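Note sheet for the following structure.
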Amino acid sequence: MPVHNSEIADAFEKLADLLEIEGANPFRVRAYREGARTVRGYPRSMADLLQGGEDLTELPAIGKDLAAKIKTLVDTGRLPALEKVESHTPAALSDLMRIQGLGPERVKALYKKLKIASIGDLNRAARSGKIQKLDGFGKKTEQMIIERLERFSSTEQRTKLIVAEDLVAPLVAHLKNCDEVKDVVVAGSYRRRKETVGDLDILVTARKDSTVMDHFTGYDEVKEVVSKGNTRSTVHLRSGMQVDLRVVPQASYGAALHYFTGSKAHNIAVRKLGVKKGYKVNEYGVFRGNKRIAGKTEEEVYKKVGLPYIPAELREDRGEIEAAAKRRLPDLITLEDIRGDLHCHTNASDGHHSLKQMAEAAAQRGYAYVSINDHSKHVTVAHGLDEKRLFAQIKAIDKLNEELDDIVILKSIELDILEDGSLDLKDSVLKELDFTVCAIHYGFNLSREKQTQRILRAMDNRHFNILAHPSGRLINQREPYEFDLEKVIETARQHGCFLEVNAHPDRLDLNDDACKLAKDMGLKVALATDAHSVANLELMRFGINQARRGWLERGDVINCLPLRKLKQLLNRK
DNA sequence: GCCGTTTTCGGCCCGACTGTTTTCAGTCG
């Protein structure tokens with residue numbers, strides 16, 4: 001079993017936690033955390049990079065030492081440095097750090113004085129009143145620990161963006177109801193349009209002595225006020241979502257928006273640029289000495305540190321700072337660039353609406369074309385189409401295309417890739433289609449090698465055009481299956497195939513990192529909703545979010561092309 | 001431990017809130 005990037009990152013983070021508890025050099029601790037972040041977010045596996053003879057110290061935040069540790073982990077599956085630390089500091093102490101309100105100092109004190117080395121120990125000690133007697137702890141801290149422990153197991157998961165949107169709308173409306181509030185904007189990962197959000201960061205502009213904080217904590221849905229100050233408050237909603245509200249004056253709006261949008265890594269990089277120029281950058285502005293020299297808009301802040309405006313979706317410190325400095329930021333795709341949807345179902349399989357309803361809804365969105373991609377016969381639960389029914393659908397589409405003059409329906413299918421890499425329907429019917437979208441719907445547990453071969457073999461069929469939801473993951477529900485994404489991208493490029501960016505908010509597959517990898521490797525993608533109803537066509541915007549996070553431009557997405565050019569690309573011959 | 005159009009050594013982002021304190025440490029974002 002090859003070692004996963006996430007396992008390497010976990011090991012580094014654990015090492016960082018334990019070293020921090022031991023009181024190691026804080027910058028050394030940070031170095032492990034930053035190394036972990038690089039490895040976790042990297043779209044290619046460290047194992048593959050090493051096998052290809054690449055130099056890991058080329059990666060950001062990876063130096064000689066971490067590169068050697070990664071190699072050891074990949075070669076042996078073990079990290080001696082971590083084992084050594086674990087021999088004198090219990091590994092489970094890093095679990096205690098996951099509890100909100102417990103950091104390295106408190107965990108160390110709990111371990112040294114009360115021998116607390118696990119969540120269970122902590123629970124017993126808190127409930128027996130031992131913790132409040134410790135120096136630096138008190139009754140409130142003990143109570144806080146008990147409450148957080150109760151919450152600990154249930155609230156680990158991040159919230160899908162589309163779910164967060166439903167929480168945001170009424171809350172923003174509530175805040176706007178406060179007369180003293182001018183602007184309300186949701187910042188954080190929500191504004192960066194990340195596929196999931198951990199909490200909500202909301203920024204409002206108002207005078208410092210306004211009543212907005214009372215208004216905020218008085219919101220109906222607030223279950224618990226965690227902290228409350230003049231400029232910052234934190235609450236938990238009944239839904240379990242944590243919301244941070246920050247209040248800043250109008251003159252700081254841009255600086256605050258930039259700061260609270262993050263990401264943390266992006267902010268640190270921007271601040272470092274500021275320091276180089278002799279400025280201090282914080283949420284109130286850009287300062288030279290005590291004088292604020294920028295802060296009203298985000299553009300101002302970027303300009304002062306020598307950069308053009310960077311779109312929120314790119315702010316992950318994944319190269320956008322360097323690209324901005326060279327004036328080489330991508331001109332990101334927008335929803336208006338999309339000319340059609342390339343993955344839609346009808347009630348012929350598991351969709352809810354008819355061919356005609358789907359086509360008319362797509363036309364209403366201003367699309368020039370839409371493709372119909374019902375399931376193929378292997379997906380029996382979805383009443384997938386066999387050759388005969390697909391022939392019938394092809395005829396129906398031909399007929400409908402004659403009737404409709406404002407949109408073209410493309411004849412397609414969501415074709416199952418069988419376990420041996422063959423396709424679910426005969427070439428005799430596939431050749432009648434405009435193109436195919438092919439997908440894996442079972443056999444998720446094949447080995448990485450077999451799964452990769454399955455996909456590559458499928459691509460050998462000249463009727464294979466687009467690989468749908470390439471990783472098979474369902475956010476918060478199902479991990480991606482094992483396969484070699486890089487090899488799939490490379491083979492797709494050679495064969496004239498494409499990968500889908502499935503826009504459904506449960507999938508968003510390819511994810512952002514993979515979008516960027518495809519782009520860097522010269523492969524275009526198809527952005528498609530996998531709509532199962534007329535309403536689902538609206539989900540395209542989530543795909544746009546993910547594509548923008550993956551640095552994609554109009555030219556990287558095949559359904560930004562007019563129909564004639566699209567058809568040329570989809571004709572493999 | 002990483003990193004370098006000042007540096008291969010000496011730096012490493014910045015502020016708010018809480019609780020336990022009599023002036024600040026710890027934690028978080």
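Both backbone and side-chain heavy atoms feed into the values below; hydrogens, waters and symmetry mates do not. As the structure is a computational prediction, the values presented were derived from the model and not from experiment. Every chain is numbered from 1, with letters handed out A, B, ... down the list of sequences.
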Proximity of A:H504 and A:H469 rings by center, below 6.0 Å: no
Close aromatic pair by centroid cut-off 6.0 Å: A:Y302 and A:H258: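 Ring centres of A:H258 and A:Y302 closer than 6.0 Å.
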Main-chain N/O of A:E316 paired to A:E320 side chain as donor or acceptor, under 3.5 Å: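 At least one qualifying donor-acceptor pair exists.
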What N/O pairs connect the protein and nucleotides 26-29 of chain B at under 3.5 Å? Give each pair on its own line.
from, atom 1, to, atom 2, distance (Å)
B:dT27, OP1, A:G103, N, 2.7
B:dT27, OP1, A:G103, O, 3.1
B:dT27, OP1, A:R106, N, 2.9
B:dT27, OP2, A:E105, N, 3.1
B:dT27, O5', A:G103, N, 3.4
B:dC28, OP1, A:G101, N, 2.5
B:dG29, OP1, A:Q100, NE2, 3.4
B:dG29, OP1, A:Q242, NE2, 3.4
B:dG29, O3', A:R246, NH2, 2.9
B:dG29, N2, A:Y259, OH, 2.7

[N] OP1/OP2 closer than 4.0 Å to side-chain N/O of [X]:
| X | N | answer |
| --- | --- | --- |
| A:K228 | B:dA16 | no |
| A:N267 | B:dC13 | no |
| A:Y279 | B:dC14 | no |
| A:T141 | B:dT20 | yes |

Tell me the interatomic distance from [X], atom [atom1], to [N], atom [atom2], rounded to whole angstroms.
| X | N | atom1 | atom2 | result |
| --- | --- | --- | --- | --- |
| A:H258 | B:dG15 | NE2 | P | 15 Å |
| A:R292 | B:dG15 | CZ | P | 13 Å |
| A:F12 | B:dG1 | CZ | P | 11 Å |
| A:Y284 | B:dG15 | OH | P | 9 Å |
| A:E58 | B:dC3 | CD | P | 10 Å |
| A:F287 | B:dG15 | CZ | C1' | 11 Å |
| A:E20 | B:dG1 | CD | P | 15 Å |
| A:D135 | B:dT21 | CG | P | 7 Å |

What N/O pairs connect the protein and nucleotides 4-8 of chain B at under 3.5 Å? Give each pair on its own line.
none

Side-chain H-bond candidate by donor/acceptor type, A:S6 with A:R40, under 3.5 Å: no
What's the gap between [N] and [M] when it is taken at their [atom1] atoms, as a whole Å value?
| N | M | atom1 | result |
| --- | --- | --- | --- |
| B:dC12 | B:dG19 | C1' | 30 Å |
| B:dG10 | B:dT18 | C1' | 34 Å |
| B:dC13 | B:dT22 | P | 31 Å |
| B:dT20 | B:dG15 | P | 26 Å |
| B:dG29 | B:dT23 | C1' | 24 Å |
| B:dT8 | B:dG4 | P | 13 Å |
| B:dT5 | B:dG1 | P | 23 Å |
| B:dC14 | B:dC9 | P | 26 Å |

cation_pi(A:R315, A:Y309) dist<6.0 Å, angle<=45: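 Yes - A:R315 lies over the ring of A:Y309, closer than 6.0 Å to its centre and within 45° of its axis.
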From [options], nucleotide with atom closest to [X] side chain:
| X | options | result |
| --- | --- | --- |
| A:N25 | B:dC2, B:dC12, B:dA16 | B:dC12 |
| A:K272 | B:dC12, B:dG1, B:dC14 | B:dC12 |
| A:A31 | B:dC17, B:dC13, B:dG1 | B:dG1 |

Sugar-phosphate, base or nothing in reach of A:V281, heavy atoms under 4.0 Å: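 Sugar-phosphate: the residue A:V281, judged by heavy atoms under 4.0 Å, touches backbone atoms but no base.
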Sugar-phosphate, base or nothing in reach of A:V270, heavy atoms under 4.0 Å: nothing
Complementary nucleotide of B:dG1, counting Watson-Crick and G-U pairs under 3.5 Å: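 Checking every strand shown, B:dG1 finds its partner in B:dC12, with both distances under 3.5 Å.
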Pairs meeting criterion salt bridge (Lys or Arg N to Asp or Glu O under 4.0 Å) with involvement of residues 42-62 of chain A, two or more places apart: A:R44-A:E54, A:R44-A:E486, A:D48-A:R448
